[in-house]
Amino acid sequence: MTPRAKGLVGLSLLLFLLALSALPRWVHACPFGMDLEFPTRTVCERALGGLGRSMALAGGVAGLTTALGILLALAAAQAKGPVDFAITRLSEFFFALPDILVLITMAFLLKTARDLGFMDPDPTLAVGASLSVIGWAVPALMFRARLQALGEAEFVAASRALGAGETWILVRHLLPRMKGFVLAVFLLRVPAVIFMESTISFLGFGLPPTTPSLGTYVGSNYRNLILGEWRIVLPVWGLLLLIAVGFSLLGKALMAGEEA
Amino acid sequence: MRVRFLRDLAIIPIVAFLVQALVVRLPVPVSDDAKRPQVVSLQAQMERDLGKGHALGFLRPWAKLARGEPLGNDQQGFDIRDLAAALGSSLRIGILGLALSLGWAYLYAWFRVRTRNPLDRRTLELLPDLIYATPPFFFALVLAIPLGTHLAGSRLPFEAAAALATALPAAAFFGQVLHGALAHEMGRPYVLTARAKGLSDDRVIWRHAMPNATLVLLDGAVPKVTLLLTGSFIAERVFNIHGFGYLYVYAAEQRQAALVVVGTTVFAALLVLVSLAAQAVRTWLDPRP
């Protein structure tokens with residue numbers, strides 16, 4: 001499949017998912033039947049109800065972590081020396097930490113802070129903040145590597161020979177060439193965030209069970225799943241599969257376009 | 001090497017101190033009367049377990065464990081034997097998961113390099129993408145459904161299923177990394193020389209190319225290995241295995257600060273040990289500086 005075809009398929013899938021998340025009400029006639037935890041609603045309704053929130057949360061977190069990643073990579077490229085070393089080591093440290101462990105620890109700290117009356121953050125914002133804390137390291141490392149590779153290109157050497165300063169090179173030459181790559185990284189981060197959110201919500205450390213999301217939906221139906229109610233999990237798995245494939249195809253198409 | 005070893009080792013007390021400091025230093029309000037008894041109780045528990053204002057408060061739970069006293073609350077306490085048993089259970093699952101994922105990775109890389117069938121190639125290319133496109137807890141759920149209905153009461157199948165569920169995402173990653181490295185090695189001159197001397201494809205792969213490709217696997221796999229060894233949270237939860245991940249989730253749910261600090265320190269220590277072990281294996285396989 002050519003990068004262009006991949007991009008088109010990915011984009012079509014994402015538009016289809018967006019349409020689905022915006023129209024959860026038309027799915028009263030669901031082939032998977034009624035939900036067991038909320039018997040007045042269908043399985044499709046509950047799954048699609050969670051899709052919109054999961055995608056909005058993931059889009060916000062992926063956007064924030066991508067922005068943080070590019071800012072840190074630019075700071076590292078501009079300052080070089082100890083600042084570059086510190087940013088890289090910090091990113092590598094966060095990258096090596098087991099995500100779920102950090103998210104559970106943060107959920108514990110937030111719950112304790114709430115119990116002590118110190119703060120009472122909105123659950124969606126709290127989960128978004130926790131996901132952002134662990135999510136910035138991968139984009140930062142990817143952008144730093146990309147900037148380093150671009151920095152060794154001939155046009156940069158030519159610009160430097162003509163007397164251009166480091167900031168000028170960064171802003172005028174390197175940053176414009178990063179646009180597609182930044183977008184691709186953002187797109188590839190979205191499904192990763194959705195998976196992480198659904199995993200911690202499933203464990204009970206993410207969004208509250210009353211807040212619709214793909215993870216809370218599966219988590220609240222956990223007992224029914226163990227009893228063999230496969231039909232409950234199928235629409236969510238299908239949606240997660242479409243999300244991952246759609247974002248991945250679009251992201252990879254953009255990456256291929258950048259490298260060409 | 002020694003500097004890196006010391007730097008890695010320093011992570012353990014730093015992580016323990018940070019978690020303890022974050023937990024203990026949360027300011028406590030006095031304005032909300034309704035919450036006051038709960039706040040006072042929680043604060044007293046934290047002060048007893050971690051010591052407010054003590055820089056080395058994170059050592060208190062360890063001292064308690066060393067004296068043979070349990071950590072936790074009045075309802076449920078965990079002594080050093082309970083923690084060791086839980087850690088042993090998680091490590092069993094992790095090591096079995098690691099063995100399964102590495103076994104899969106070597107077979108996947110070998111078969112993908114060897115096969116000439118376009119359908120096989122396409123399927124092998126798509127398989128990791130399918131695994132990546134599925135959240136890890138789904139694998140545990142899919143395996144739990146038959147086990148939950150047919151094998152209740154037996155521990156071993158649950159631990160094996162937990163290992164398999166934990167291993168699948170890592171196996172897909174290891175397989176892709178190893179295949180990429182192996183494909184690169186297969187195009188290098190020493191492989192052509194070996195083939196020209198009449199060695200079979202399998203002999204060339206297993207005797208010459210695979211050991212070199214393994215070095216790349218070691219470089220890229222450390223975070224995933226740590227995840228395998230420490231991150232069986234989901235599988236332990238789904239299969240109701242009382243391992244260290246299950247204990248950690250319980251501690252976080254029940255606000256057991258001392259258990260959270262001990263758990264985080266153990267995970268940080270495992271992270272460091274895995275990293276050091278990977279460095280040692282790499283140096284053993286490739287002694288070049």
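All heavy atoms count here, side chains included; hydrogens, waters and symmetry mates do not. Each chain gets a letter, A, B and so on, in the order its sequence line appears, and its residues count up from 1.
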Which atom pairs, one a donor and one an acceptor, fall under 3.5 Å between side chains of residues 231-243 of chain A and the rest of the protein, sequence neighbours left out?
| unit_1 | atom_1 | unit_2 | atom_2 | d |
| --- | --- | --- | --- | --- |
| A/Arg231 | NE | A/Glu229 | OE1 | 3.1 |
| A/Arg231 | NH1 | A/Phe32 | O | 2.6 |
| A/Arg231 | NH1 | A/Met34 | O | 3.0 |
| A/Arg231 | NH2 | A/Met34 | O | 3.2 |
| A/Trp237 | NE1 | B/Thr134 | OG1 | 3.1 |

Legend entry - Within the 6.0 Å centroid threshold, strictly below: B/Tyr250 and B/Phe78: yes
Legend entry - Distance-only donor-acceptor check, side chains A/Ser213 and A/Thr216, under 3.5 Å: yes
Legend entry - Partners passing ring-ring contact (aromatic ring centres under 6.0 Å, His included) against B/Phe173 (at least two apart in sequence or in another chain): none
Legend entry - Under 4.5 Å from any heavy atom of chain B - which part of A/Phe205: side chain
Inset, instruction - Under 4.5 Å, heavy atom to heavy atom: which of residues 184-198 of chain A reach chain B? Give them by number, or say none. - result: A/Phe195, A/Ser198
Under 3.5 Å, side-chain donor or acceptor atoms of residues 1-17 of chain A against the rest of the protein: list the pairs with distances, not counting sequence neighbours.
| unit_1 | atom_1 | unit_2 | atom_2 | d |
| --- | --- | --- | --- | --- |
| A/Thr2 | OG1 | A/Ala5 | N | 3.2 |
| A/Ser12 | OG | A/Leu8 | O | 2.6 |

Legend entry - From CD (A/Gln148) to CG (A/Asp84), nearest 0.5 Å: 6.5 Å
